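Structure first, commentary second.
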Amino acid sequence: MQLTETHRPTLDRALEAIRSRAYWSPHPEHPKAYGETGAADGLAAYQALLGSRFELDQPGTDGWTGAEVSPYGPELGVEYPHPDLDVLLPAMRAGMAAWRDAGPETRALVCLEILSRISARTHEFAHAVMHTSGQAFMMALQAGGPHAQDRGLEAVAYAYEEQTRTPQGVDWSKPQGKRDPLELRKVFTAAPRGIALLIGCNTFPTWNGYPGLFASLATGNPVLVKPHPRAILPLAMTVRIAREVLGEAGFDPNLVALAAERPGEGIAKTLALRPEIRVIDYTGSTEFGDWLEQHARQAQVYTEKAGVNTVVIDSTDDYKGMLSNLAFSLSLYSGQMCTTPQNLLIPRDGITTDAGRKSYDEVVADLAASVSGLLGDDGRANALLGALVNPDVKSRLEAAAGLGEVALPSREVVNPEFPDAVVRTPVIVKLDGAKPDDESAFMSECFGPVSFAVAVDSTSDALDLLRRTVRDQGAMTVGAYTTSADTERAIEEVCLEESAQLSLNLTGGVYVNQTAAFSDFHGSGGNPAANAALCDGAFVSNRFRMVEIRRQA
């Protein structure tokens, strides 16, 4: 395989991008970029997988499992190998030494070849992501395809940079005055920790999965992929491609394997405590994330959990743009993103705007009208909302209407192509930040298309509530609107002290719940929402240890 010639320029460009933080992506977002027949070929390839056994030829298969049902209605009917862990885990370790000895550059280039082959099948992956997550097709293509691939490549770039920070070898000489110098030959090797466990999520199986997968693989660790039982197919496809590339490059394919679980088996807990598992990546509930951090003591654990994302609305010089931006942020993928705003903190005596002073009630009513206008056409609504990923989201949405005064009721949207899809517009509920009963509602994550317009006594009180929210509950994102330089600095100070990623005065085509690989950090690792950031040096550097061997020269 001509890995260096093919992929070294891409690796160099990725290294430059993580240093400059400028916009860059080698993976095209536009559907037509994948050839005239790319869309039809991708759909046909996806459909060929349905109702079949997904063969991986990995050791230790003791049966078959899989019961995925698309949020759009159809059963996928795909069966996956179920692992005998006592057979599979030793087989995964067998190829570690050769993979370690290949060195950081070879590992990085192999990872780039895996990503290149995934990219070539972006349309196929888009359908797999769509029908396991409920994302609308275009979002599934972009977020599940090029954006996920970018995040994987970003992790490879960070892994390469951290591993090569130390030279591979050095001749060391210490002068001894009139005596001969002390001389040693020192060799430094990035030694992997052991098998890495990737615990996949339902909503973004590739976007949330690829950073950990490629960070671990690029640092020399075998990776066992344990998908969410409702979203197996996209990660199974990834595992198959990775195994093919590893084999063709002369490495053991078992360096990457799949662990699909039987219904109700709970294999993640079993795996997390196995002594062979030395790295864990997890995206999901706070409850299980906390359990992993407390109990999987033999492993380095990276978690992205729940948080309460907050927007402080103090003032704006583009009222219409603010409302439009927030409406899109609340609606995208039915609010089923870990970055979607939940609490909108608005002074009860209103805000100043370029359209005159607006009371709290007016701001909430105007935002509700903006969301209604955005989603008034069912075709556009389906393209933005996708489908509710599981019944729990629907239950939370329905229960939210009973928590306070409903400023914007949720409505049902019919998807003519998939009539069984559960599609709902967002609900906005008015709550009072001074009432303890209301606070108990908005101070915990309500995952899905639910937002709370929280009345506060002042912007100063909003900042106090923001600080307490981030400190106690965590936040993946914070947004704010203000025309005051002093208020802007005060918001910045809260976010710097509490380690929260802040977006200020977004009124155009960039939204608080979207981040760009190579430039934006997803999470900070500094508040309860996540103990790691995607992606920085800390995300990769503890997946390996630098081992030194020195010899007398």
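From a predicted model like this one, the values you see are computed outputs, not experimental measurements.
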Would you indicate whether the side-chain heavy atoms of [Y] and [X] approach each other to under 4.5 Å?
X      : Y      : value
Pro426 : Ser331 : yes
Pro71  : Val422 : no
Ser519 : Trp24  : no
Arg165 : Glu161 : yes
Asp150 : Phe518 : yes
Leu115 : Phe214 : yes
Tyr46  : Leu233 : yes
Val423 : Leu388 : no

Do [X] and [Y] meet the criterion of a side-chain donor-acceptor pair at a distance under 3.5 Å?
X      : Y      : value
Thr482 : Asp314 : yes
Glu75  : Ser70  : no
Glu29  : His147 : yes

[X] to [Y] - nearest heavy-atom pair and separation:
X      : Y      : answer
Val393 : Pro449 : CG1-CD, 3.8 Å
Leu375 : Leu385 : CD1-CD2, 4.1 Å
Ala529 : Gly307 : CB-CA, 4.1 Å
Pro234 : Pro205 : CG-CG, 3.9 Å
Asn325 : Gly508 : ND2-O, 3.0 Å

Taking the basic N atoms (NZ, or NE/NH1/NH2) and the acidic carboxylate oxygens, is any pair closer than 4.0 Å for [X] and [Y]?
X      : Y      : result
Asp432 : Arg348 : yes
Arg151 : Glu154 : yes
Lys394 : Glu412 : no
Arg21  : Asp520 : no
Glu162 : Arg543 : no
Arg467 : Glu498 : yes
Arg468 : Glu439 : yes

I need the [X] [atom1] to [Y] [atom2] distance, nearest 0.5 Å.
X      : Y      : atom1 : atom2 : value
Asp281 : Asn208 : CG    : CG    : 10.5 Å
Leu197 : Ser216 : CG    : OG    : 9.5 Å
Thr132 : Leu76  : OG1   : CG    : 7.5 Å

Backbone N or O of [Y] within a donor-acceptor pair of the [X] side chain at under 3.5 Å?
X      : Y      : result
Ser334 : Gln336 : no
Asn309 : Val478 : no
Ser370 : Asp366 : no
Ser315 : Thr352 : no
Asn343 : Phe452 : no
Gln298 : Ala272 : yes
Thr283 : Glu304 : no
Ser359 : Glu362 : yes
Gln149 : His27  : no
Gln501 : Gly523 : yes

In terms of the angle between their ring planes, are [X] and [Y] parallel, tilted or perpendicular, with boundaries placed at 30° and 60°?
X      : Y      : answer
Phe328 : Tyr511 : parallel
Trp291 : His295 : parallel
Tyr72  : Phe418 : tilted

Trace of the side-chain hydrogen bond (donor to acceptor under 3.5 Å, both in side chains) decision for Tyr210 with Thr238: CA-CA 9 Å; Tyr210 282 4; Thr238 303; 2.7 Å; yes
In sequence, state the C-alpha distance, the side-chain angles, and the governing distance for Ser444 and Gln473, and then conclude on side-chain hydrogen bond (donor to acceptor under 3.5 Å, both in side chains). CA-CA 7 Å; Ser444 60; Gln473 304 297 323; over 6 Å; no
Salt bridge (Lys or Arg N to Asp or Glu O under 4.0 Å) evaluation trace for Lys430 with Asp361: CA-CA 9 Å; Lys430 297 167 76 172; Asp361 287 333; 2.7 Å; yes
Go through Phe539 and Tyr158 one step at a time and tell me if the ring pair (Phe, Tyr, Trp, His ring centres under 6.0 Å) criterion holds. CA-CA 8 Å; Phe539 184 68; Tyr158 272 103; 8.9 Å; no
Set out, in order, the CA-CA distance, both residues' side-chain angles and the distance that settles salt bridge (Lys or Arg N to Asp or Glu O under 4.0 Å) for Glu497 and Arg471, then state yes or no. CA-CA 9 Å; Glu497 291 181 357; Arg471 181 175 295 174; 5.4 Å; no
Carefully, step by step, assess Gln300 and Asn542 under the rule side-chain hydrogen bond (donor to acceptor under 3.5 Å, both in side chains). CA-CA 7 Å; Gln300 181 71 29; Asn542 224 7; 3.0 Å; yes
